[in-house]
Amino acid sequence: GLHFNDPKFPQQWHLNNRRSPGRDINVTGVWERNVTGRGVTVVVVDDGVEYTIRDIRPNYSPEGSYDLNSNDPDPMPHPDEENGNHHGTRCAGEIAAVPNNSFCAVGVAFGSRIAGIRVLDGPLTDSMEAVAFNKHYQINDIYSCSWGPDDDGKTVDGPHQLGKAALQHGVMAGRHGFGSIFVVASGNGGQHNDNCNYDGYANSIYTITIGAVDEEGRMPFYAEECASMLAVTFSGGDKMLRSIVTTDWDLQKGTGCTEGHTGTSAAAPLAAGMMALMLQVRPCLTWRDVQHIIVFTATRYEDHHANWDTNQAGFGHSHQHGFGLLNAWRLVNAAKIWTSVPYLASYVSPVLREAKVIPLAPGSLEVVWNVSHADLALSGLRTLEHVAVTVTISHPRRGSLDLRLSCPSGMLSLIGAPRSLDSDPGGFDDWTFSTVRCWGEGAQGQYRLSVRDVGDRESRVGILERWQLTLYGSAWRPQEVEERRRLLEDAMSGKYLHDGFSLPCPPGLDVPEEDGYSLTPNTLKTLMLLGCFAVFWTAYYLLEVCLSQRDVALDLTCGGAPCRRARNRHRALEEGMELEATPLYENKDTEETEGPPDLPNQGSRDQEGTLAPALDLQEVREGPVC
Amino acid sequence: LPGPGGTEARGPVGLSWAVHLDGAEGEEEEEEGTRQRADALARAAGLVNAGRIGELRGHYLFTRPAGPREDGLEEAARQRAEEVLAGHEAVRWHAEQRLLKRAKR
C-alpha cells in the first residue's frame with residue numbers, strides 16, 4: 001500500500017523484492033504501521049557522510065556527528081584520489097535515505113536520524129577508535145561500523161585496549177544506560193579463505209556481527225564464516241546478481257545514487273536500520289535485549305551448503321548465516337512485547353596451563369574444563385549467551401591450526417578455522433575466540449577444546465601453552481528461554497503492533513558527556529567577528545547616549561526631576577516618537593491598583609491595551625533617573 | 001597527534017602514549033585532580049597531556065610536543081617517556097599509540 005516517488009525505489013529489491021517475493025527484509029508492513037525509526041539516531045562510523053545530499057539532509061543529525069580525522073564537528077567526506085570516500089554516505093543512505101523526495105532511494109529506517117563520524121580517512125589509532133565508539137553516545141543510539149581489520153586471510157586483529165574499553169563503556173553508559181548498539185560487518189575475506197573469528201570486533205560480546213547473503217540467500221564469494229556471527233542480511237553477490245541500490249555521494253564520479261553497493265559493508269547498515277525500527281517501538285531495549293531478539297527471530301532457511309545445526313535450546317545456527325536471516329517484521333513485533341533479560345552473568349575459569357603438543361590431523365589435542373553448579377552459583381549464571389576461549393599457542397605456521405569448542409550439550413563450534421594464507425610464525429598470544437552457537441543452552445557441564453594441526457608433515461610442532469574459558473549468560477532457566485520463544489511467536493501476527501499497546505519503559509540514566517560541543521576555528525572566528533561588532537555597536541550607542549545627555553547637564557535652569565521628565569517627554573514628542581512609558585507615567589495611580597507588583601506576565605497593559613515593558617514600570621515606580 | 005580527538009588529515013603521526021591513571025573512576029573533583037596529575041606526569045615524561053581519551057575516565061593521551069624530528073631524538077624521547085611511565089606508581093597501564101590498519105568492507 002505504500003508508494004514512493006523515489007526513482008530507484010522499485011530497484012531496491014532488498015526492501016521489496018517483486019522479482020522473487022520473500023527475498024527481502026520484510027519491512028513494508030512495519031512501515032505501514034508507522035514504524036520508521038522515528039526518535040532513533042544511527043551513526044555511521046566511517047569515511048564521512050555527505051549530509052548535504054537530498055536523501056540525507058532532512059534526516060541528518062549534526063549533534064551526533066564528528067570528524068575525528070580533522071578534529072571538527074563536520075563529517076563531510078573529503079574527495080580522495082581513488083574516489084573512495086563515498087563509503088559512509090552509501091551506508092547512511094541505506095539506513096535513513098529520505099522517501100518521497102523524488103531523489104534516488106529509500107532507507108530502511110527513513111524516519112530515523114542519521115549522523116556520521118569520519119574516522120577512516122587518515123591515520124587511525126587505538127585512542128581514536130575509543131573516541132569514535134563513545135562519541136555523542138547519549139545522542140547516537142546505534143553505531144554502524146562497516147569496516148574492520150584487513151580481510152586478507154592472514155590478519156589477526158581487533159580492538160586494542162582502549163577500543164575494548166570504549167565498547168564496554170558504551171554498552172554500560174551509552175544510550176542513557178540502556179547501552180549503545182554496535183553493529184559490525186563480518187568481513188569480506190571469503191576469497192582469501194578468511195574467517196571472522198580472527199576479527200576481534202566480530203568476536204566481541206558487545207557487538208552485533210552481521211554477515212551477508214545474496215539475493216538467492218546464499219553466502220556470497222566474499223563473505224566469511226565464523227562461530228560468532230549473529231545473523232545475516234542481504235547484499236550483492238556475483239556479477240549475475242543484483243547489488244544494493246542506495247544513496248551515494250555526488251562528489252567526483254558520484255551521481256548521488258548507486259546500484260552497485262555490495263559486500264558485508266552493505267549488509268551491516270541494513271541491520272542497523274532494522275535495529276532503529278526496534279528501538280522506535282521499544283526505546284528501553286538494552287544492548288543485550290537487541291542481541292536476544294535477533295537470536296530469537298532470525299529465520300533459518302533451506303540452504304544445504306550452510307550446515308545448519310540446532311542447539312539444545314532449539315536455535316538453529318550456521319557458521320555461514322549465524323542464526324539466520326534478519327526479518328524486520330519479526331524483529332519489530334518481538335521488540336514491541338519484549339521485557340528485559342536478566343542482568344549479565346559471567347564465569348571465568350582459571351588460566352589453564354597445558355604446554356601440550358598439538359598433533360597433526362587426523363589426531364588432535366583435547367583439553368576439557370568442567371563447570372560445576374557451585375562454580376556458577378556465585379554469579380547466578382544458568383543459560384549461555386556468548387562463550388569465549390582465550391588461547392596462547394606457539395606454532396610456526398598459525399594458519400595450519402584448527403580449533404573447535406564443544407559446549408556441554410555437544411554443540412560444536414569451529415572457533416579457529418585453518419587459513420591457507422596465514423603463515424605467521426607467532427601463533428596466538430592471548431587471542432580470544434568466541435561463539436554464539438550455544439545460546440540459550442545450560443551453562444553447566446564439560447567444555448572441550450580440540451586443537452589440531454592441518455599443515456603438512458614438515459611443519460614443526462605447535463604447543464598449546466594455556467587457555468581460559470569465559471562464559472556469558474543470564475539467570476534464565478532453559479524453560480524461561482523456551483517460554484520467551486513461545487511468547488514471541490504469538491506476537492508475530494502483528495496484533496500488538498499498534499499505538500494502543502505499549503509496555504512500560506523505565507527512565508534512562510542521566511549520563512553527562514564530557515566534552516559537549518567543541519568549536520571549530522571557523523566558528524570561533526565568526527563568533528569573534530560578531531563579538532567585535534557588538535563591542536563597537538555598544539560603544540557607539542553609549543557615545544550617542546552620553547552626547548545626548550550633555551544637553552541636560554548644561555541646562556542649569558532646570559535641575560529638578562519633574563522638570564527632566566517633562567523635558568524628556570517634550571523632546572520625544574518633538575522627535576515624533578510615541579514612548580510606551582508615557583501613558584503609564586501619566587496613569588500611575590491606575591496602574592498601581594491593577595495588580596500586585598509581581599504580576600506573572602512581564603509587562604502590563606495600559607487603558608488602551610498597549611503592552612508596556614516591565615522595565616518601564618519599574619522606572620516609573622522608583623521615580624525618574626537620569 | 002594534535003589532540004585526543006584525532007590527527008590532522010593524512011598528517012604524520014608523532015609519538016603518543018595512552019595512559020591510564022589510578023584513582024580516576026569517581027567524581028568530577030577526583031577527575032580534575034587526576035587531570036592535574038596527568039599534566040605533571042606528561043611534563044615529567046617530556047610529553048604534553050592532550051587531554052582525556054573520549055569518555056574513558058582516567059585515560060589520557062600524552063603526545064610529544066612539536067619540534068625537530070630527528071631519528072636519534074625521537075628514540076631518546078621514546079625511551080625517556082617509557083622509563084617515566086613504566087616507573088610511575090600512579091600509572092596503571094600505558095601503551096604507545098601505533099597506527100592501526102582498518103579496511104572498509
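Reckoned from all heavy atoms, side chains included, excluding hydrogens, waters and symmetry mates. Per chain, numbering begins at 1; letters A, B, ... match sequence-line order.
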Which of A166(A), A165(A), G187(A) touches chain B most, by non-hydrogen pairs under 4.5 Å: G187(A)

Interchain contact, D150(A) with chain B, by part (heavy-atom threshold 4.5 Å): both

Interchain contact, T264(A) with chain B, by part (heavy-atom threshold 4.5 Å): both

Least distance between heavy atoms, R78(B) atom then W17(B) atom: CA-CH2, 3.7 Å

Partner set under salt bridge (Lys or Arg N to Asp or Glu O under 4.0 Å) for E82(B), not counting sequence neighbours: none

Salt bridge (charged side-chain N to carboxylate O under 4.0 Å, His left out) evaluation trace for R102(B) with E129(A): CA-CA 11 Å; R102(B) 297 288 178 259; E129(A) 272 191 10; 2.8 Å; yes

Aromatic plane relationship, F182(A) with F133(A) - under 30° parallel, 30 to 60° tilted, over 60° perpendicular: perpendicular

OG1 on T34(B) to CG on D22(B), rounded to 0.5 Å: 9.0 Å

Contact origin within T155(A) toward chain B - heavy atom pairs under 4.5 Å: neither

Top of S265(A), A266(A), G84(A) for chain B proximity - count of heavy-atom pairs under 4.5 angstrom: S265(A)

Enumerate, atom names and distances included, each donor-acceptor pair closer than 3.5 Å involving a side-chain atom of residues 38-51 of chain B, sequence neighbours excluded.
unit_1, atom_1, unit_2, atom_2, d
D39(B), OD1, N49(B), ND2, 2.7
D39(B), OD2, R35(B), NH1, 3.1
N49(B), OD1, G51(B), N, 2.9

Region of D199(A) that comes under 4.5 Å of a non-hydrogen atom in chain B: side chain

Contact winner vs chain B - S186(A), G170(A), A267(A), G189(A), heavy-atom pairs under 4.5 Å: S186(A)

Part of A130(A) lying under 4.5 Å from any heavy atom of chain B: side chain

